[in-house]
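I have placed the structure first, in the form of structure tokens, so that the comments after it can refer back to it.
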Amino acid sequence: MKIGMAFSFLLSFFIISSVFGPLFLFPAAAAENSGEDSARVLKATWGASGGDWGFPSSLTFYPRGPGYVMTSFCFDSLVWPEETGNFTGLLASSWENSPDGLNWTFYLRENVTWHDGEPFTADDVTFTYDYIQGKAAISPIGAGWYNTAVIESVEALDDYTVRITLNQPYAPFMQQVAAVIPIMPEHIWKDVSDPTKYMEDEAAIGTGPFILDDYNKDQQSYKYSANENYFLGKPAVDTLIFVKSADPVISLKVGDVDEAGLTLDQVQALNDSENMKVIEGPGYWVYRLRFNIPANSILENTEVRKAIYHSLDCEEIQNKVLHGGGIAGNSGYVPPYSVWYNPNVTQYAYDPADAEKILDEAGYDEVGSDGIRLTPDGEKLEFQLLYSSDQQSQRIAELVQSYLKDVGIGVVLKPGDTKTVDGLVNAGNFDLAIYSHGTSTDPARMLNSFPTSTGWNDTEFVSLANQQTSTVDEEERKELVDRMQVLIAENVPTIPLLYRNVYSACNQDKFDGFFYTPGGVGGGVPTEYNKLVFIYGEWNGQGTASTGNNPASSVDSPSMNAPGILTALMAFAAVFMLYRLKR
């Protein structure tokens, strides 16, 4: 009798628990998790090099490629490069230009709204161009990233038509102006006198596919939510997060992140991860040896720079650092896979004997007991080499130090994080520096910046630079760019050591659609984060509850462990009943 009652009790308990258990025992957990299963969260990382690229508004981001990319998610330009590299309309639906190349007319999309619901009109475009042009002296971003110097005037012909008049024809106008300058809302910025100090929530309001939810400078993280009213359609992900990772390979493998930019070595370390889709892009990312030409009288000597070039085996540097994940540098600076490449320039083969001969003839023929050459004043021929402390830059610096020591030049290594190196270089506080950055694909940005980025001011080069940007005819422009490369190779204002290919790995079980844009974005940034990826990409995930992206839905949460707890409770009840029957 008692055994039968016990059996009936346990059976009833089992049935009730099976049907109502999760709801009955864990109502809060069930309610909390119900909204998470449908969320589309994608987490990416820039890796260990740093994730703080500044506040993502038009005039406050850190002026490197990642900073612009973080801003581009919130703000749109008039046009934008798609997967093929061709331009598609964003805020402009169509456009036309005059035969002389001086007038560009853009017909804007109607019914576009800012993130705060205010309507977008032509007045916002005219305001933005005038505002950025006027603030160029205040914000280094305005002067360095946005080329408004070629603009004579910007006029709103009506609410949805804008005419931009140039002061001279500008061949790369679409690539370097229309597809770069982010349009800002006049109603928010019109009373902001100093944009470099304006970092309120409203400062990130744009028309872009994502809305900034959180920017954490200390944690070096960004969080965006989808703009459900985006004029090209709602993005394929609901939440886009960027975080810093000490080791992106491990982060990918354990599911802490879903996507990361990698080196070839890191890609090969993922070879046992079948769910990872890897893409490769052209390496417009250069590692170059930069000279402080204006401030260092020894390095100002072209012959010394040539000797340094002959002392470096760039092919071996590429092999030891990238292991085939790139190509050796080119003395004319333009990489061989570019349509602008000129192969007919002076080459500097690895030749230590020739390097030593040049140094002897330059007056550095005396050698100290430590093997380092002496200057005519009896000082060591020694330079400080500044470099970012990432693994690749450090390896390059060590190799350069070794090569130069072989020809009698001393090198003292000085590492620092990226921002520290940028600051010291920009302030002119260095001798030599290993400098890495995207180069753009158009010579207007790739080459015309040489007087600023190298300190080498050559009147013929500057004249050619001005001519090639105002020459609309492609063949004529190519001839001018060829001559610029000849001058670069002859004068060695910098040494392009290598060009690194770019790689991205993404968990395709979660999301698919990343690509590298020919020509890059933002005037030439070689990145997989073209924002159109998130518009036309495909979401393959089933939400975040089991991905590890949401701490509240990790494997340690109550809702994930309810069956195990239920079993334990049933076992406890059975033992308790048997114990009572026995008594």
Side-chain angles (χ1 to χ4, degrees), residues 56-58 61 65 68-97 104-129 131-132 145-148 151 154 156-157 159-164 172-186 188-189 204-212 224 226-237 240 442 513 515 517-525 527-537:
S57 75
S58 304
F61 67 85
Y68 180 88
V69 170
M70 294 294 99
T71 301
S72 74
F73 294 137
C74 296
F75 294 85
D76 287 320
S77 50
L78 292 172
V79 299
W80 191 256
E82 56 185 7
E83 185 172 0
T84 63
N86 296 325
F87 293 105
T88 187
L90 283 189
L91 292 176
S93 57
S94 61
W95 54 90
E96 60 189 26
N97 65 308
W104 291 79
T105 303
F106 292 88
Y107 302 96
L108 308 179
R109 293 181 187 271
E110 300 184 23
N111 301 317
V112 174
T113 60
W114 298 97
H115 293 160
D116 61 2
E118 291 293 315
F120 157 77
T121 69
D123 289 340
D124 293 307
V125 178
T126 60
F127 167 80
T128 296
Y129 277 71
Y131 187 85
I132 289 178
W145 203 276
Y146 311 128
N147 186 1
T148 57
I151 297 175
V154 183
L157 303 183
D159 285 348
Y160 296 103
T161 308
V162 172
R163 178 188 294 154
I164 300 177
F173 173 78
M174 290 290 283
Q175 296 95 324
Q176 301 298 324
V177 181
V180 177
I181 294 179
I183 306 304
M184 305 157 62
E186 180 182 15
I188 290 177
W189 289 89
I205 288 178
T207 60
F210 290 97
I211 299 170
L212 181 67
Y224 305 86
N227 177 4
E228 297 187 2
N229 298 315
Y230 193 54
F231 52 82
L232 292 181
K234 181 184 175 182
V237 299
L240 178 62
D442 189 277
F515 58 82
T517 309
V521 302
V525 181
T527 178
E528 70 272 31
Y529 301 126
N530 183 324
K531 58 188 168 186
L532 296 182
V533 163
F534 303 106
I535 302 299
Y536 303 120

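- Side-chain rings of Phe87 and Trp95 stay apart, their centers remaining 6.0 Å or farther from each other.
- In this structure, Tyr107 and Leu157 have side chains that are not in contact, with every pair of non-hydrogen atoms separated by 4.5 Å or more.
- The nearest pair of heavy atoms linking Leu232 to Ile535 is O-CG2, 3.8 Å.
- In this structure, Tyr160 and Ser93 have side chains that are not in contact, with every pair of non-hydrogen atoms separated by 4.5 Å or more.
- In this structure, CD1 on Ile205 lies 8.0 Å from NE2 on His115, to the nearest 0.5 angstrom.
- To the nearest 0.5 Å, atoms CH2 (Trp104) and CZ (Arg163) are separated by 14.5 Å.
- Residues Phe231 and Leu91 have side chains in contact (heavy-atom distance under 4.5 Å, counting atoms from C-beta outward).
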>> Please determine whether side-chain contact (heavy atoms from CB on, under 4.5 Å) holds for the pair Ile164 and Leu78, giving the CA-CA distance in whole Å, both sets of side-chain angles, and the decisive distance to 0.1 Å.
In response: CA-CA 12 Å; Ile164 300 177; Leu78 292 172; 4.2 Å; yes

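- Annotation: Arg109, atom CZ; neighbour count of heavy atoms from other residues, nucleotides and ligands within 6.0 Å is above 12.
- Side chain of Asn530 to main chain of Pro81: a donor-acceptor pair is present (N/O by atom type, distance under 3.5 Å, no hydrogens or angles).
- Ring pair Tyr68/Trp145 is parallel by interplanar angle, where below 30° counts as parallel and above 60° as perpendicular.
- Between Phe75 and Pro56, the closest side-chain pair of non-hydrogen atoms is not below 4.5 Å.
- With values rounded to the nearest 0.5 angstrom, Tyr230 atom OH is found 12.5 Å from Phe534 atom CZ.
- Judged by distance alone, the side chain of Lys531 and the main-chain N or O of Ser72 form a donor-acceptor pair under 3.5 Å.
- When side chains are defined from C-beta on, Val177 counts as touching Tyr129, because their heavy atoms get closer than 4.5 Å.
- Val79 has its side chain within reach of Met174: a pair of non-hydrogen atoms, C-beta onward, lies under 4.5 Å apart.
- Residues Phe106 and Val125 have side chains not in contact (no heavy-atom distance under 4.5 Å, counting atoms from C-beta outward).
- Leu532 contributes atom CG, which lies 7.0 Å from atom OG1 of Thr88 (distance to the nearest 0.5 angstrom).
- Checked against the 6.0 Å centroid threshold, Trp189 and Phe127 do not count as a close aromatic pair.
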> Taking it one step at a time, do Leu108 and Thr121 satisfy side-chain contact (heavy atoms from CB on, under 4.5 Å)?
Replying inline: CA-CA 8 Å; Leu108 308 179; Thr121 69; over 6 Å; no

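- Within the 4.5 Å cutoff, no side-chain heavy atoms of Asn227 are placed close to those of Phe210.
- Here the straight-line distance linking atom OH of Tyr224 with atom CE of Met70 works out to 4.5 Å at 0.5 Å rounding.
- Taking CD1 of Ile181 as the reference point, atom CD of Gln176 lies at 10.5 Å (rounded to 0.5 Å).
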>> Using the rule given for side-chain contact (heavy atoms from CB on, under 4.5 Å), can you reason through Val162 versus Val154, listing the C-alpha separation, both sets of side-chain angles and the distance that settles it, and then say yes or no?
In response: CA-CA 7 Å; Val162 172; Val154 183; 3.7 Å; yes

